[in-house]
Asker: 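Shown below is the structure under consideration.
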Amino acid sequence: MNRLTDLKFLFTAVAILEFFYFLAAMMPTDWIRPVTGWVLTADGHWITKLLGVALLTQAYIAWIFRKNPHLGVAKGLAFYQLASAGTDLLMWQIMKNEGIFNNSLARASVTAAILTHAFLGILLLAAIRKTQIHE
């Protein structure tokens with residue numbers, strides 16, 4: 001459990017995860033549905049690309065702080081991970097009748113996103129608490 005609550009390990013994990021989300025967001029638009037199952041409008045594809053840049057920025061920040069994690073950055077990353085899981089869950093419920101998640105691949109991809117973000121967020125909170133106790 002010590003490794004799972006080590007901020008250096010978690011910053012690296014966040015950097016890698018968010019980089020892969022960036023790559024997914026930057027896929028050619030005609031690949032999105034076959035790979036993720038998402039049924040997006042033209043606006044959805046555009047917003048996905050914009051979010052991809054934000055995810056790359058987060059990956060970069062986590063990467064540059066991975067060897068010397070800063071608690072303020074860790075708190076920001078934890079907030080994002082938990083907020084992302086909550087937003088994905090909320091949007092899934094709000095948009096379930098819009099057709100965006102009406103196939104098994106889309107449901108699997110959003111379920112995986114919710115679980116990975118929630119798990120990383122919880123681990124980051126545990127690591128932050130552990131670090132604050134030992135300071």
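Note that the coordinates shown come from a computational prediction; the quantities given were computed from them, not determined experimentally.
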Asker: Given the rule in the side chain to side chain contact (heavy atoms under 4.5 Å, CB included) test, do I122 and L82 qualify, once you have shown the distances and angles that lead to the verdict?
Answerer: CA-CA 8 Å; I122 291 166; L82 294 171; 4.2 Å; yes
Asker: Apply side chain to side chain contact (heavy atoms under 4.5 Å, CB included) to A74 and list each qualifying residue two or more places apart in sequence or on a separate chain.
Answerer: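 Counting only residues at least two positions away or on another chain, A74 forms a side chain to side chain contact (heavy atoms under 4.5 Å, CB included) with L7, F11, I128.
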Asker: Say you draw a straight line from CG of L40 to OG1 of T48; how long is it, rounded to the nearest 0.5 Å?
Answerer: 5.0 Å
Asker: Let me check something: do L10 and F79 share a hydrophobic cluster, defined by ILVMFWY side-chain heavy atoms less than 4.5 Å apart, either directly or through other members?
Answerer: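 In one cluster with L10: F79, no.
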Asker: Is it the case that over 12 heavy atoms from other parts of the model lie below 6.0 angstrom from the CZ atom of R129?
Answerer: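 No - once you tally the heavy atoms of other residues, nucleotides and ligands closer than 6.0 Å, there are 12 at most.
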Asker: List the residues meeting side-chain hydrogen bond (donor to acceptor under 3.5 Å, both in side chains) with T12, not counting sequence neighbours, and say none if there are none.
Answerer: none
Asker: Where the side chain of K49 meets the backbone of A25, is there a donor-acceptor pair that is under 3.5 Å apart?
Answerer: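 Yes; at least one donor-acceptor contact below 3.5 Å.
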Asker: Are V39 and W92 connected in a single hydrophobic cluster, I mean Ile/Leu/Val/Met/Phe/Trp/Tyr linked by side-chain heavy atoms less than 4.5 Å apart?
Answerer: no
Asker: List in chain and number order the residues that pass side chain to side chain contact (heavy atoms under 4.5 Å, CB included) with T87, two or more places apart in sequence or in another chain; answer none if no residue qualifies.
Answerer: M91
Asker: Do L105 and V110 belong to the same hydrophobic cluster, where Ile, Leu, Val, Met, Phe, Trp and Tyr are linked whenever their side-chain heavy atoms lie under 4.5 Å apart, directly or via other members?
Answerer: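 Per the 4.5 Å side-chain linkage, L105 and V110 are not co-clustered.
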Asker: Any chain of hydrophobic side-chain contacts (each under 4.5 Å) joining I133 to L125?
Answerer: no
Asker: Listed by chain and number, what are the side chain to side chain contact (heavy atoms under 4.5 Å, CB included) partners of A13, not counting sequence neighbours?
Answerer: L120
Asker: In Å, rounded to the nearest 0.5 Å, how long is the span from CD of E98 to OG1 of T41?
Answerer: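 If I round to the nearest 0.5 Å, the distance is 10.5 Å.
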Asker: Using a 3.5 Å cut-off and no angle test, enumerate the donor-acceptor pairs between side-chain atoms of residues 27-38 and protein atoms at least two apart in sequence or in another chain.
Answerer:
unit_1, atom_1, unit_2, atom_2, d
T36, OG1, I32, O, 2.6
T36, OG1, W38, N, 3.1
W38, NE1, S109, OG, 3.0

Asker: Could you tabulate the donor-acceptor pairs under 3.5 Å formed by side-chain atoms of residues 58-66, not counting sequence neighbours?
Answerer:
unit_1, atom_1, unit_2, atom_2, d
Q58, OE1, Q81, NE2, 3.4
R66, NH1, W63, O, 2.7

Asker: Please round to the nearest 0.5 Å and tell me the distance separating atom CG of L17 and atom OG of S84.
Answerer: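 The CG atom of L17 sits 9.0 Å away from the OG atom of S84.
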Asker: For the residue pair H70 and K75, establish whether any side-chain heavy-atom pair is separated by less than 4.5 Å.
Answerer: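 Counting from C-beta outward, H70 and K75 never come under 4.5 Å.
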Asker: Measuring from atom CG of D88 to atom CD1 of I114, what distance do you get when rounded to the nearest 0.5 angstrom?
Answerer: 5.5 Å
Asker: Of all residues at least two apart in sequence or in a different chain, which pass the side chain to side chain contact (heavy atoms under 4.5 Å, CB included) check with F119?
Answerer: L123
Asker: Can you list everything that forms a side-chain hydrogen bond (donor to acceptor under 3.5 Å, both in side chains) with Y21? Sequence neighbours excluded, please.
Answerer: T116
Asker: Return the minimal non-hydrogen interatomic distance between R3 and F9, and the atom names on each side.
Answerer: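 Minimum heavy-atom separation between R3 and F9: O-CD2, 3.2 Å.
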Asker: Under a single-linkage rule joining Ile, Leu, Val, Met, Phe, Trp and Tyr whose side-chain heavy atoms are separated by less than 4.5 Å, which residues share a cluster with W46?
Answerer: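 Its cluster mates, by chain and number, are I47, L50, L51.
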